[in-house]
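Working notes, structure below.
Each chain gets a letter, A, B and so on, in the order the sequences are listed, and its residues count up from 1.
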Protein chains: 2
Amino acid sequence: MDTLLKPAHIDLPASPRSGQRPDPNHADCRGVASVLSRVGDKWSVFVIMMLGDGPKRFNELKRMINGISQRMLTLTLRGLERDGLVTRTIFPTIPPRVDYELTDLGRGLSRPVEALGKWAMEHLAQIEAARTRFDKRGEH
Amino acid sequence: MDTLLKPAHIDLPASPRSGQRPDPNHADCRGVASVLSRVGDKWSVFVIMMLGDGPKRFNELKRMINGISQRMLTLTLRGLERDGLVTRTIFPTIPPRVDYELTDLGRGLSRPVEALGKWAMEHLAQIEAARTRFDKRGEH
DNA sequence: CCGCATCCGTTCTGATACTG
DNA sequence: CAGTATCAGAACGGATGCGG
C-alpha cells in the first residue's frame, strides 16, 4: 500500500522559516489555504453542487459530471469525505450500492460555493472576452 | 521566449466524445470550470482578498502572502490580469513601481470569494478535526 | 456496480541566477 | 524594485486491469 490512491491534498505548505514575521492577520492563511484548495479543486466544486440536490450514487455523479474520470471522482469523494463534507453510505447488496450525501458541514459550504458558481456563470462572458483581448495583445 | 512563465491555466478540459449526452443543465459546466479554477487557485484567492483592501505593490503582496514565491505571485497576477480581474499600473520611476488593483469585475468577484474565505476560517477547526479523525482510521 | 492499484506522460512549483 | 529564464523534482491526471 505504498502508492495508494494518493490524496496528497495540500495540508500545509509548512510554515516558513522561524525568522519570518508574517502579520498576525495572516497567521491563519496557511490553514485557510488547505480548505480553499479543496474548494478550488475543479471537481470538488461540481460534486458539491451536484450533491446539493440530494444524495447521489457513484456512477450517477460520474454521469452528471461527465468529464471526470473514475479515478478523479474517487479521489475527489475521498477528499470530501476526509474533510467531513460528505458521507459515504454502503448498502451491501448485490450489486453493491454506495450513496454519497452532503453533511451539515458540506451543506454549509455549498452555499458560498453556489454563490461563486452563480457569479461565474453570470460573468463568464466578460471574463472570456477579457481573456481573448489579453491573449491577442500578448501574441506580439 | 519559448518557455516563458507558462501560465497554462485550464481554459477547457475539452468537451468529451460527441456520443455523450450530458444534461442540458450542465452544458455550461466546462466554461464555469475555467472560471472556478482561477478562483480555486490557492494563491488567486489570497491575492483577491489582499487587494480587497485597496491597491498594492508587488512586493507588498509578496510580503503579505509570505508563503508564495516570486514566480507564483507573478503568474497569479498575470492570470488575474488576463481575466480582467485586476489592473496593472506601471510608474516608470526609479526604482520602478507597479500597482495592482481590483477592477470592478474583480471587486464583484471578491465578495463571494470573501464569503468563502470567511466560511473557511470559521469551519477550519471542524475540517481539520475531521481530517485527523479520518487519517487516524486510515492508518490501519 | 463500486473502487483500488500501477504505469506513465503532462503540468505545476520552488530555487536560483540574471536583466532593466 | 519588478520581472524573466531555466531546470529539476513533485504533484496531477488519465487509461487500463484486477477484485469484492
Quick one: [atom1] on [X] to [atom2] on [Y], what's the gap to the nearest 0.5 Å?
X	Y	atom1	atom2	answer
B:Met64	B:Leu51	CE	CG	9.0 Å
B:Leu116	B:Met121	CG	CE	10.5 Å
B:Leu85	B:Leu77	CG	CG	11.5 Å

- Please list, by residue number, the residues of residues 90-102 of chain B whose heavy atoms come closer than 4.0 Å to an atom of DNA chain D; answer none if no residue qualifies.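 Contacts with DNA chain D under 4.0 Å: B:Pro95, B:Pro96, B:Val98, B:Tyr100.
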### Query
Would you say the side chain of B:Gln70 and the base of D:dG3 hold a donor-acceptor pair, judged only by whether the two atoms sit under 3.5 Å apart?
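Indeed there is one.
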Length of the line joining [X]:[atom1] and [N]:[atom2], which is rounded to integer Å:
X	N	atom1	atom2	answer
B:Leu73	C:dT13	CG	P	13 Å
A:Arg88	C:dG3	CZ	C1'	8 Å
A:Glu60	C:dG3	CD	P	13 Å
A:Phe58	D:dG20	CZ	P	18 Å
B:Leu77	D:dT4	CG	C1'	15 Å
A:Glu81	C:dC2	CD	P	15 Å
B:Ile68	C:dT13	CD1	P	10 Å
A:Leu75	C:dA5	CG	C1'	12 Å

salt_bridge(B:Glu81, B:Arg78) N-O dist < 4.0 Å: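 Yes, this pair counts.
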Item to check | A:Glu114 with A:Lys118: basic N within carboxylate O range, under 4.0 Å | outcome: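 The answer is no: the pair does not qualify as a salt bridge.
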* Asked: Parallel, tilted or perpendicular: which describes the rings of B:His123 and B:Trp119, with under 30° parallel and over 60° perpendicular?
  ->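 Because their plane-to-plane angle is under 30°, the rings of B:His123 and B:Trp119 count as parallel.
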**Report entry** B:Arg71 side chain near D:dA5 phosphate (N/O to OP1/OP2, under 4.0 Å)
**Finding:**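 For B:Arg71, the contact criterion (side-chain N or O under 4.0 Å from OP1 or OP2 of D:dA5) is not met.
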query = Closest nucleotide of DNA chain D for B:Arg57 versus for A:Met72: which of these residues is on the 5' side?
reply =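 Checking each residue's closest nucleotide, the 5'-ward one belongs to B:Arg57.
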*asked:* Distance to the ring centre below 6.0 angstrom and angle to the axis at most 45 degrees; does that hold for B:Arg82 and A:Phe134?
replied: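 The answer is no, since B:Arg82 fails at least one limit relative to A:Phe134.
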